[in-house]
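Just follow the structure's listing: the first ligand is 1, and inside any ligand the first atom is 1. No hydrogens, no waters, no symmetry mates; every other heavy atom, side chains included, goes into these values.
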Amino acid sequence: MTLAELEAEAKRCIRCKLASTRTQVVFGEGNPKARLMFIGEGPGKEEDLSGRPFVGRAGQLLTRIIEQGMKLRREDVYIANVVKCRPTVDGLGVRDRPPEPDEVAACSFYLKKQIELIAPEVIVTLGNPATRFLLNTNEGIMKLRGKWHSYNGIPVMPTYHPSFLLRHGGETGNTPHKREVWNDIKLVMQKLGLPV
Ligand code: SF4
């Protein structure tokens, strides 16, 4: 199976209840042979409307981390989420919520296959749902971030989700959590042999 075939299958997916409330499936995007893969939680409003991952405010912050911080192009990496359809409170499409365990379980087929097909050298998990799923743990991101872990032999660096950074200090300012993310990203750059 190719990544394009997997995407076509995901776009028809009705494996969980999020299928009934989504506008579009947000499969993921980027270089299908990326050395680095970012994995977030799930699509938000802008992503659901556009069909693209990380395009809202949090996505713009992630893009700045990639382009201004790491000096990579966004299209050089691959960006995906644990669930491919937007989870909202009561399915009303108003307030986002974290994906529920049954939704993560139903959607895990796609993420696992994406990782297998892309075969990145390094994975960065953004926030608790992605980190807990990939590392098969109930530990929180505060304890797990900043240290190397492993998923099927691929080094995994957990760090805070950009939306967490926006909630704790906004888009500007050198907050402690932003410094922690930058330290995590520098470890990733070192692992990939990128100039820090
Ligand atoms: S969230 Fe995943 S499993 Fe659920 S309908 Fe969307 S693509 Fe299918």
- Note on the structure: One checks atom 4 (Fe) of ligand 1 and counts protein N, O or S atoms under 2.8 Å, reaching 1

- Query: Taking only residues two or more places apart in sequence, or in another chain, which ones meet Arg35 in a side chain to side chain donor-acceptor pair (under 3.5 Å)?
  - Reply: Glu121

- Item | Any residue meeting side chain to side chain donor-acceptor pair (under 3.5 Å) with Ser163, in chain and number order, not counting sequence neighbours |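 In terms of side chain to side chain donor-acceptor pair (under 3.5 Å), with neighbours along the sequence ignored, Ser163 is linked to His161.
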
- Item | Full working for salt bridge (charged side-chain N to carboxylate O under 4.0 Å, His left out) between Glu9 and Lys113 | CA-CA 12 Å; Glu9 186 173 328; Lys113 202 76 190 159; over 6 Å; no

Could you pull out all donor-acceptor pairs under 3.5 Å where a side-chain atom in residues 152-160 meets a protein atom, sequence neighbours excluded?
{"residue": "Thr159", "atom": "OG1", "partner": "Asp184", "partner atom": "OD2", "Å": "2.6"}
{"residue": "Tyr160", "atom": "OH", "partner": "Glu180", "partner atom": "OE1", "Å": "3.3"}

- Close-contact set for ligand 1 against Arg22 heavy atoms, below 4.0 Å: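 So the atoms of ligand 1 that pass are 5 (S), 6 (Fe).
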
- Message: If I take atom NE2 from residue His177 and atom CE from residue Met142, how far apart are they, to the nearest 0.5 angstrom?
- Response: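 Rounded to the nearest 0.5 Å, the NE2-CE separation comes out at 5.0 Å.
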
- Message: Can you confirm if the NZ or CZ of Arg15 lies within 45° of the ring axis of Tyr110 and under 6.0 Å from the centre of its six-membered ring?
- Response: yes

